[in-house]
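In the text below, chain A, chain B and the rest are named by the order of the sequence lines, each starting its count at 1.
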Amino acid sequence: MTRVRFAPSPTGFFHIGSARTALFNWLYARHSGGSFILRIEDTDAARNTEQALTVLIDGMRWLGLDWDEGPESGGEYGPYFQSERRAIHDAYIDRLREVDRIYEKDGALWFRLEGERHTVYDDFRKKEVEKVRSAPIVIEDAVRGRVEKELDEDFVIVRASGDPVFHFVNVVDDITMGITHVIRGEDHLSNTPKHAALFDALGAPRPVFAHIPLILKSDGPGKMSKRDRGALIEEYQRRHFLPAAVRNYLCLLGWSPKDDREKMAPEELIERFDLDGINRGNARFDEQKLVHLNGAYLRELPLETYAWMARPVLHDAGIVDDETPEDDVQSVLEICRGKVNLLEDLPGYADYFFRDDYAFDSAAEKRVFKKGDPLADLERVYRTLEKLDDFSAESLERTFAGLAESAGVKPFAYFPVTRFAVSGRAGGPDFYAMLRVLGKERTLGRIRRVLKERKGS
RNA sequence: GUCCCGUUCGUCUAGCCAGGCCUAGGACACAGGGUUUUCAUCCCUGCAACAGGGGUUCGAAUCCCCUACGGGACGCCA
């Protein structure tokens with residue numbers, strides 16, 4: 001039975017790299033029919049708060065990563081908060097003591113390596129250190145293959161304060177929770193020999209290690225840090241990204257299904273995910289591709305779902321409020337669906353349906369008034385629509401066709417200036433649908449206003 | 001500084017482990033064109049990469065070595 005875990009430290013942020021680690025673990029568990037365990041490594045009291053935990057759990061839920069064991073789920077290997085596992089850690093300290101691999105120095109407990117000792121001056125750390133000549137530790141990493149590293153220094157496993165350190169508790173918890181596969185970021189690769197040595201010293205079988213590449217910032221050097229745009233899951237939640245899109249994009253960063261498939265449903269992802277599809281090289285974060293995927297997911301949402309998600313976005317942006325008739329919102333959403341890649345762009349895309357003080361885009365204005373006599377066209381449109389009572393799309397289409405024919409032009413000739421007048425921009429939803437939703441009164445009012453302002457100046 | 005890992009289009013990647021099927025495939029972005037009488041979608045075309053050098057081989061993106069570059073780790077943080 002495969003048992004994998006995601007073991008975050010609640011810091012108050014849910015980093016995209018952590019999220020991807022969680023996702024890979026989750027996928028692997030689901031793929032292999034094993035268990036996915038959430039273990040909270042909350043031993044650093046200084047930065048651990050209840051709110052930090054909430055951020056993490058909300059983020060996990062939002063991404064759809066459910067855990068079989070952990071906080072709020074329970075399980076037979078608890079507690080799932082590292083801070084509550086102290087008795088277990090102590091017992092394992094005793095075990096190490098029994099096999100004589102522990103000694104005390106400066107009030108702390110050190111793990112003793114086996115091998116010849118000598119002292120050298122470390123000029124990076126500017127001090128004398130005791131080195132140990134020991135056999136290299138060999139890790140068979142599921143992603144990177146054979147990794148060999150020599151451990152040459154004893155290390156602290158219990159601080160002078162009495163608190164055990166990460167390397168130790170992490171290993172003990174993995175042993176006692178029966179973890180079979182440790183899938184984590186490559187930044188832990190250098191630590192792994194220490195962990196392997198502890199597994200060995202404790203007489204426990206090592207788990208399979210799989211170190212996944214890091215996510216690098218979109219520009220500039222280094223890995224994504226919490227201050228970078230797009231680094232936090234909270235940001236995607238706040239910006240109304242679709243979790244399915246974020247999840248899908250994250251899969252593609254550092255893992256490949258080996259063929260040309262990119263947009264994949266969870267079932268397919270689970271079906272196809274495997275450790276040997278994980279890449280070795282670090283991946284650079286690219287928001288554009290995420291946005292594209294988000295748009296693709298948005299476009300295939302049923303209208304009901306789309307409206308259900310989009311409505312609060314318009315609300316939050318202050319575009320609509322409780323006074324706004326539901327039917328109006330619904331009609332606008334119907335014709336705007338699939339037009340933007342991000343729900344957060346919707347308010348800016350559709351605001352003019354709900355207010356008359358919409359902005360006029362100067363680039364659009366230039367284009368519209370570049371040639372011909374757009375004002376004359378607009379006037380003709382006005383006089384024609386004035387006499388039209390049926391503002392259905394079909395009726396509007398017939399009307400514009402008639403208007404165009406009598407002038408010997410294509411109906412399209414009237415679109416840009418009309419659209420500009422009623423919306424202030426060059427793009428938007430389907431032309432006739434837009435006029436239909438705006439309705440006769442508002443359409444005429446807006447055209448009249450533009451006509452008046454333009455003629456006056 | 002030491003150690004570990006990596007390096008295919010601007011970006012994510014396929015191909016590498018099992019060398020010839022690679023005049024290196026796909027996607028995002030970008031540029032052109034088409035469909036849509038408009039917007040978006042969609043479709044087509046284009047642009048664009050095996051880090052460099054040595055070696056092994058009849059043959060190397062694929063195997064080996066070196067260099068360069070990138071990333072990470074070196075905490076009584078996790």
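Comparing A:Arg159 and A:Phe285 along RNA chain B, the residue whose closest nucleotide (by nearest heavy atom) sits nearer the 5' end is A:Phe285. Mapping A:Pro416 and A:Pro164 onto RNA chain B by nearest heavy atom places A:Pro416 at the nucleotide closer to the 5' end.
Straight-line distance between the P atoms of B:rA61 and B:rG54: roughly 14 Å, to the nearest whole Å. B:rU35 sits 50 Å from B:rG72 when the C1' atoms are compared, rounded to a whole Å. To the nearest whole angstrom, the two C1' atoms, one in B:rU45 and one in B:rC63, are 38 Å apart. Distance check on atom C1': B:rA60 versus B:rU2 gives 34 Å, rounded to whole Å. Separating the P atom of B:rU7 from that of B:rG15 is a span of 13 Å, rounded to the nearest Å. A distance of about 15 Å separates the C1' atoms of B:rC74 and B:rA78, rounded to the whole Å. Nucleotides B:rU36 and B:rU41 have their C1' atoms positioned 9 Å apart, rounded to a whole Å.
Across every strand in view, B:rC39 sits unpaired, with no contact that passes the Watson-Crick or G-U test at under 3.5 angstrom. Across all strands shown, B:rU62 forms no Watson-Crick or G-U wobble pair with both distances under 3.5 Å. Pairing for B:rA18 is absent, with no Watson-Crick or G-U wobble pair whose two atom distances lie under 3.5 Å. Nucleotide B:rC69 forms a pair with B:rG6, judged by Watson-Crick or G-U wobble geometry with both contacts under 3.5 Å. If you check B:rC30 for Watson-Crick or wobble pairing at under 3.5 angstrom, you find it paired to B:rG46. Using Watson-Crick or G-U wobble geometry with both donor-acceptor distances under 3.5 Å, B:rC74 finds its partner in B:rG1.
Between A:Leu214 atom CG and B:rG71 atom C1' the separation is 7 Å, expressed in whole Å. One can place CG of A:Leu293 at 15 Å from P of B:rC12, the figure rounded to the nearest angstrom. Taking atom CG on A:Leu343 and atom P on B:rA40, their separation rounds to 19 Å, with Å as the unit. Protein atom CD1 of A:Ile157 is 14 Å distant from nucleotide atom P of B:rC77, rounded to whole Å. Nucleotide B:rA40 holds its C1' atom 16 Å from the OH atom of A:Tyr432, rounded to whole Å. If you take CG of A:Leu216 and P of B:rG10, they are 17 Å apart, rounded to a whole angstrom.
Residue A:Lys149 places no side-chain atom within donor-acceptor reach of the base of B:rC4, judged by atom type and a 3.5 Å distance cut-off alone.
Side chain of A:Asp286, nearest nucleotide from B:rC39, B:rC28, B:rG72: B:rC28. The A:Gln82 side chain lies nearest to B:rA78 when the options are B:rA73, B:rA78, B:rC12. When each of B:rA27, B:rA14, B:rA78 is scored by its nearest atom to the side-chain atoms of A:Glu262, the top-ranked nucleotide is B:rA27. Between B:rC28, B:rA78, B:rU13, one nucleotide has an atom nearer to the side chain of A:His292 than all others, and that is B:rC28. Checked against B:rA78, B:rU41, B:rA29, the side chain of A:Glu41 finds its nearest nucleotide in B:rA78. Listed candidates were B:rC76, B:rC4, B:rC12. Nearest to the side chain of A:Lys289 is B:rC12. Taking every side-chain heavy atom of A:Asn191 into account, B:rA78 is the closest of B:rA78, B:rA40, B:rU13. The A:Gln288 side chain lies nearest to B:rA29 when the options are B:rA29, B:rG71, B:rC76. The side chain of A:Pro411 approaches B:rU37 more closely than any other nucleotide in the set B:rU37, B:rG71, B:rA40. Nearest to the side chain of A:Val147, among B:rC12, B:rG71, B:rC4, sits B:rC4.
In this structure, the ring of A:Phe166 has its center less than 6.0 angstrom from the ring center of A:His188. Ring to ring, A:Phe111 and A:Phe168 are not that close: their centroids are 6.0 angstrom or more apart.
Within the 4.0 Å cut-off from OP1 or OP2 of B:rU7, not a single side-chain nitrogen or oxygen of A:Asn279 is found. For the OP1/OP2 pair of B:rC17 and a distance below 4.0 Å, the side-chain nitrogens and oxygens of A:Arg144 include no atom meeting the criterion. The side chain of A:Lys217 contributes no N or O atom lying less than 4.0 Å from OP1 or OP2 of B:rU11. For A:Lys258 and B:rA14, the shortest distance from a side-chain N or O to OP1 or OP2 is below 4.0 Å.
A heavy-atom distance below 4.5 Å is found between the side chains of A:Arg39 and A:Asp174.
A:Gly254 comes within 4.0 angstrom of the backbone, heavy atoms only, and of no base. Across all strands, A:His167 comes closer than 4.0 Å to base atoms (heavy-atom distances).
Of the possible polar contacts, none joining the A:Ser18 side chain to the A:Phe14 backbone as a donor-acceptor pair under 3.5 Å is found. A donor-acceptor distance shorter than 3.5 angstrom exists from the side chain of A:His31 to the backbone of A:Phe273, with no hydrogens or angles considered. A donor-acceptor contact shorter than 3.5 Å links the side chain of A:Thr418 to the backbone of A:Tyr414.
Considering all non-hydrogen atoms of both residues, A:Ile183 and A:Asn25 come closest at O-ND2, 2.9 Å.
The structure places CG of A:Asn279 at 11.0 Å from CD1 of A:Ile212, a figure rounded to the nearest 0.5 Å.
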